[in-house]
Protein chains: 2
Amino acid sequence: MTDLKTSPLATNVVHRGDCITVLKGLPDASVDMVFADPPYNLQLGGDLLRPDNSVVDAVDDDWDKFDSFAAYDAFTRAWLTECRRVLKPEGSLWVIGSYHNIFRLGSAMQDLGFWVLNDIIWRKTNPMPNFKGTRFTNAHETLIWAARSREQKRYTFNYDAMKAFNEDVQMRSDWTLALCTGEERIKGEDGKKAHPTQKPEALLHRVIMAASRPGDVILDPFFGTGTTGAAAKRLGRHYVGIERDETYAKVAETRIAAVIPAAPEDLKVMGSKRAEVKVPFGALVEAGLLAPGDRLYSPKGDREARVRADGSLVSGEFTGSIHKLGALLENAPACNGWTYWRFKTDQGFKSIDALRSEIRATM
Amino acid sequence: MTDLKTSPLATNVVHRGDCITVLKGLPDASVDMVFADPPYNLQLGGDLLRPDNSVVDAVDDDWDKFDSFAAYDAFTRAWLTECRRVLKPEGSLWVIGSYHNIFRLGSAMQDLGFWVLNDIIWRKTNPMPNFKGTRFTNAHETLIWAARSREQKRYTFNYDAMKAFNEDVQMRSDWTLALCTGEERIKGEDGKKAHPTQKPEALLHRVIMAASRPGDVILDPFFGTGTTGAAAKRLGRHYVGIERDETYAKVAETRIAAVIPAAPEDLKVMGSKRAEVKVPFGALVEAGLLAPGDRLYSPKGDREARVRADGSLVSGEFTGSIHKLGALLENAPACNGWTYWRFKTDQGFKSIDALRSEIRATM
DNA sequence: CCTATAATTGAATCGCTAA
DNA sequence: TTTAGCGATTCAATTATAG
């Protein structure tokens with residue numbers, strides 16, 4: 001076997017093996033960017049049933065199981081340490097995680113000397129709901145982008161490209177993107193998903209476009225089915241992947257071989273400026289445009305309701321959202337509460353939709 | 001000085017002093033919710049304060065950097081430990097921070113035994129741009145919501161209120177809210193902002209509405225100009241503030257004094273079905289709404305069962321409760337019999353849940 | 001072949017109470 | 001402490017099936 005550490009770095013390869021072991025064999029200061037999607041250390045209980053009684057296909061693979069936070073932290077520090085060594089002086093590192101592990105990752109990075117440049121929120125357009133109604137819908141994941149050290153003055157950030165991409169306003173730290181589903185999601189011969197946590201290529205597209213240059217080498221120590229490699233090749237970058245599961249590694253190689261480096265504009269990406277923001281009625285109460293106790297009236301003035309602090313309405317014995325209560329009082333199957341309800345002003349009645357416009361104007 | 005720790009907790013007060021010192025004087029298990037917006041002056045050029053308020057020397061060698069994080073971590077663990085002690089067994093804690101400190105906060109919380117329920121992203125509609133064009137616009141902050149421990153099964157979450165608030169779909173983990181500006185932003189006599197990081201009351205409104213009940217006690221160990229207290233009072237909750245800066249504390253007291261609380265009836269929120277009084281199916285038979293021998297039918301009409309006098313059902317060789325028999329016939333792990341079974345009327349089939357509502361209306 | 005409806009699915013720390 | 005019973009609970013998007 002060739003000594004990877006003293007040979008020039010081979011690129012566009014998928015190394016088989018434990019990521020820390022393989023990393024230790026790579027030469028110092030040889031890659032321009034690292035993208036890492038490590039195990040999240042989910043600590044799940046028993047089966048979770050949907051309301052239709054079907055079972056949620058959970059991530060219960062062995063590779064995601066750790067005995068303790070201490071064990072997870074030790075693993076995290078080990079691979080981060082090697083990544084830092086392998087990075088060029090002007091390189092940068094990205095990690096992605098959820099609330100289960102992102103605090104561990106961020107702290108370890110800071111402890112090892114990495115200097116955080118941004119944390120980025122991936123807002124999912126179509127997240128899995130909270131089936132039991134016990135928490136907020138977990139609708140995002142977090143990425144951390146960091147330089148090797150505080151002293152590092154130079155790193156690649158294609159500011160103007162990002163700005164142009166985002167309709168000529170600065171790219172923000174929250175990105176709205178869909179999950180990887182449909183055609184993009186790689187399936188095995190059995191029709192099941194080849195990997196439980198395949199990331200959308202649009203996400204990697206944006207990361208790579210933002211923080212690397214054509215010809216750069218991008219290392220992914222948790223290669224999986226090779227989203228990083230596919231995006232890198234498509235965008236004219238080189239990749240180095242590490243994956244210990246032979247099945248995943250093979251899928252990745254096949255996938256990347258089929259990628260034609262191409263003009264990237266056919267990748268579906270939603271700019272955060274255009275990302276539509278829904279204004280819930282409750283936001284009017286939060287913002288103080290309506291107060292708890294204020295009265296709303298129907299178009300004919302024959303119905304009246306009182307606003308509550310949670311944004312619901314009360315009318316007699318009935319309660320509900322602006323839409324539900326409108327439908328209920330009109331005995332209609334549905335009702336657009338925004339155009340139905342009015343409030344009193346000095347100039348007479350006004351639609352609550354006007355208040356929504358006020359809120360939208362600030363967005 | 002009275003001994004706060006053994007006296008009943010005084011509420012609607014702003015304690016002056018170092019937060020850890022004051023916290024140590026508060027009684028065990030006495031508050032329902034904590035909201036904490038700790039300082040995040042981590043290596044930003046500002047002074048980093050040790051728990052004893054001495055200033056950490058800003059030196060650039062690696063050892064001191066570690067020392068700085070260690071000092072911040074020690075401070076963080078100290079106040080989090082006290083907050084955990086002061087929380088009631090069914091209480092929960094919220095913290096807010098940015099990438100400078102949120103990873104330290106989250107890790108410390110997990111290390112101390114807190115169990116993360118959600119991380120929440122506050123998307124700012126009007127963030128400060130990145131003037132130098134060197135990074136992404138830092139357009140969000142992160143909140144962490146946690147229970148005291150993994151074993152804690154109960155915590156207040158007004159799921160249905162949040163859903164009604166959000167146009168009848170589940171509230172997600174990303175909240176879009178404007179910064180605190182304009183009229184809401186408190187200014188001193190010199191016209192300058194009274195506090196550098198005043199949070200919008202809308203943010204506290206949502207936190208408090210989501211995770212507390214009227215009459216609850218909410219503790220804020222970094223009270224500042226009292227946004228938590230103002231929102232708490234407006235929403236019929238009690239507050240306990242801790243602030244070491246006398247100027248901030250005075251501003252907070254003046255501000256809160258001017259707040260007019262909402263009427264109690266406007267603070268009622270959309271109720272959860274789980275909290276409704278339980279009605280045994282047999283009560284329908286007792287009340288004569290159904291008679292022994294009446295037939296019930298499945299949603300598709302392909303199953304039929306007979307009501308018995310004791311409130312159990314019979315279908316062929318099977319007997320059981322409305323739930324058990326439904327599950328049995330559908331070969332499902334569980335079944336909500338109330339929404340499953342229908343009975344015949346002149347107007348067609350009706351759900352037995354409508355009969356339950358009739359009973360509840362008389363209670 | 002087109003349209004309407006039904007089924008499937010996604011990194012998930014997912015119930016409560018009383019006996 | 002454990003078990004059993006009651007009965008509450010989902011959004012967006014794609015794919016499959018029915019008409």
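Note that the coordinates shown come from a computational prediction; the quantities given were computed from them, not determined experimentally. In what follows, chains are A, B, ... by sequence order, proteins preceding strands, each numbered from 1.
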Do the charged groups of Asp57(A) and Lys193(A) touch, with an N to O distance under 4.0 Å?
yes
- Query: Does a donor on one side chain and an acceptor on the other come within less than 3.5 Å for His323(B) and Ser321(B)?
  - Reply: no
Here the distance between atom P of dC14(C) and atom CH2 of Trp145(B), to the nearest Å, is 13 Å
Checklist entry - Would you call Asp174(A) and Arg172(A) a salt bridge, using N to O less than 4.0 angstrom? => result yes
Checklist entry - So, is Lys132(A) near the phosphate of dA8(D), with a side-chain N or O under 4.0 Å from OP1 or OP2? => result no
Inset, instruction - Would you classify Arg185(A) as touching base, sugar-phosphate or nothing, given that sugar-phosphate means primed atoms plus P, OP1 and OP2, and contacts are heavy atoms under 4.0 Å? - result: sugar-phosphate
Check your understanding: Salt bridge between Asp62(A) and Lys65(A), side-chain N to carboxylate O under 4.0 Å?
Key -> no
The residue, Pro129(A) or Lys192(A), whose nearest nucleotide of DNA chain C is more 5′ is Lys192(A)
query = Which is true for Arg50(A) with a 4.0 Å heavy-atom rule: it touches a base, it touches only sugar-phosphate, or it touches nothing?
reply = base
Original post:
Heavy atoms under 4.0 Å, any strand shown: does Gly320(B) hit a base, just sugar-phosphate, or nothing?
Top reply: nothing
Does Trp115(B) lie flat on the base of dT13(C), that is, centres under 5.5 Å apart and planes under 30° off? yes
Regarding the side chain of Gln170(B), the nearest nucleotide among dC11(D), dG7(D), dT13(C) is dC11(D)
(Q) Rounding to an integer number of angstrom, what distance separates dT10(D) and dG10(C) when you compare their C1' atoms? (A) 12 Å
Check this for me: Lys250(A), atom NZ, are more than 12 non-hydrogen atoms of other residues, nucleotides or ligands nearer than 6.0 Å? no
Winner on side-chain proximity to Tyr99(A), out of dT13(C), dG10(C), dA12(C), is dT13(C)
C1' atom, dT13(C) versus dG7(D): distance in rounded Å?
-> 24 Å
Atom CG of Asp57(A) and atom C1' of dT9(C) are separated, to the nearest Å, by 9 Å
For dG7(D), does OP1 or OP2 lie under 4.0 Å from any side-chain N or O of His323(B)? yes
- Task: Indicate, with a heavy-atom threshold strictly under 4.0 Å, whether Ser98(A) touches base, sugar-phosphate, or nothing.
- Result: nothing
Closest of dA11(C), dT9(D), dA13(D) to the Thr125(A) side chain is dA13(D)
In whole angstroms, the gap separating P of dT13(C) from CZ of Phe103(A) amounts to 12 Å
*Scan Trp122(A) against the nucleic acid and name what it touches under 4.0 Å (heavy atoms): base, sugar-phosphate only, or nothing.*
nothing
message = Side chains of Trp115(B) and Gln43(A) only: does a donor on one sit below 3.5 Å from an acceptor on the other?
response = no
- Is the closest basic N to carboxylate O distance between Arg255(A) and Glu201(A) below 4.0 Å? yes
Q) Which is true for Cys180(A) with a 4.0 Å heavy-atom rule: it touches a base, it touches only sugar-phosphate, or it touches nothing? A) nothing
chi for dT9(D) classified (syn = within 90 degrees of 0, anti otherwise) as anti
Arg356(B) atom CZ is separated from dG7(D) atom C1', nearest whole Å, by 8 Å
query = Any donor-acceptor pair under 3.5 Å joining the side chain of Arg135(A) to the base of dT13(C)?
reply = yes
pair_partner(dG7(D)), Watson-Crick or wobble, both distances < 3.5 Å, evaluates to none
Categorize Val59(A) for me: base, sugar-phosphate, or nothing, with a 4.0 angstrom heavy-atom threshold over every strand shown. base
Quick note, Asp64(A) side chain, CB onward, closest among dG7(D), dA11(C), dA12(C) is dA11(C)
Just checking Pro38(A): base, sugar-phosphate only, or nothing, at a heavy-atom cut-off of under 4.0 Å?
-> base
Rounded to whole Å, CG of Asp61(A) lies from C1' of dA11(C) at a distance of 10 Å
The nucleotide from dA11(C), dG7(D), dC14(C) with an atom nearest the side chain of Trp338(B) is dG7(D)
Whole-Å distance, Tyr159(B) OH to dG15(C) P, equals 13 Å
TODO: Scan Asp60(A) against the nucleic acid and name what it touches under 4.0 Å (heavy atoms): base, sugar-phosphate only, or nothing.
DONE: nothing
Open item on the list: Would you say Tyr40(A) places a side-chain N or O within less than 4.0 Å of OP1 or OP2 belonging to dT13(C)?
Closed with: no
From CG of Asn336(B) across to P of dT10(D) the rounded distance in Å is 12 Å
On DNA chain D, more 5' by nearest nucleotide between Thr181(A) and Thr137(A) is Thr137(A)
Exercise. Does a nitrogen or oxygen in the side chain of Tyr155(B) sit under 4.0 Å from OP1 or OP2 of dC14(C)?
Worked result: no
(request) Using a 4.0 Å heavy-atom cut-off across all strands, classify Pro280(B) as base, sugar-phosphate, or nothing. (result) nothing
Under 4.0 angstrom, heavy atoms only, what part of the nucleic acid is Asn130(A) near: base, sugar-phosphate, or nothing? base
Phosphate-side-chain proximity, Ser321(B) and dG5(D), N/O vs OP1/OP2 below 4.0 Å: no
Whole-Å distance, Lys193(A) NZ to dT9(C) P, equals 8 Å
By the Watson-Crick or G-U definition, both distances under 3.5 Å, dT17(D) is matched with dA4(C)
Practice item. Determine the Euclidean distance between corresponding P atoms of dT15(D) and dA11(C); express it in Å to zero decimal places. Key: 15 Å
Whichever of Gly182(A) and Gly133(A) has the more 5' nearest nucleotide on DNA chain D, that residue is Gly133(A)
Picking from dG7(D), dT10(D), dT13(C), the nucleotide nearest the side-chain atoms of Gln110(B) would be dT13(C)
| message | Need one value for Val279(B): base, sugar-phosphate or nothing, where a base atom within 4.0 Å counts as base even if backbone is also close, heavy atoms only. | response | sugar-phosphate
* To do: Taking atom CZ of Arg244(A) as the centre, report whether more than 12 heavy atoms of other residues, nucleotides or ligands fall under 6.0 Å from it.
  => no
By the Watson-Crick or G-U definition, both distances under 3.5 Å, dT13(C) is matched with none
Quick check on Lys324(B): does its NZ atom have over 12 non-hydrogen neighbours (other residues, nucleotides or ligands) under 6.0 Å away?
no
By the 4.0 Å heavy-atom rule, please label Lys187(A) as base, sugar-phosphate, or nothing. nothing
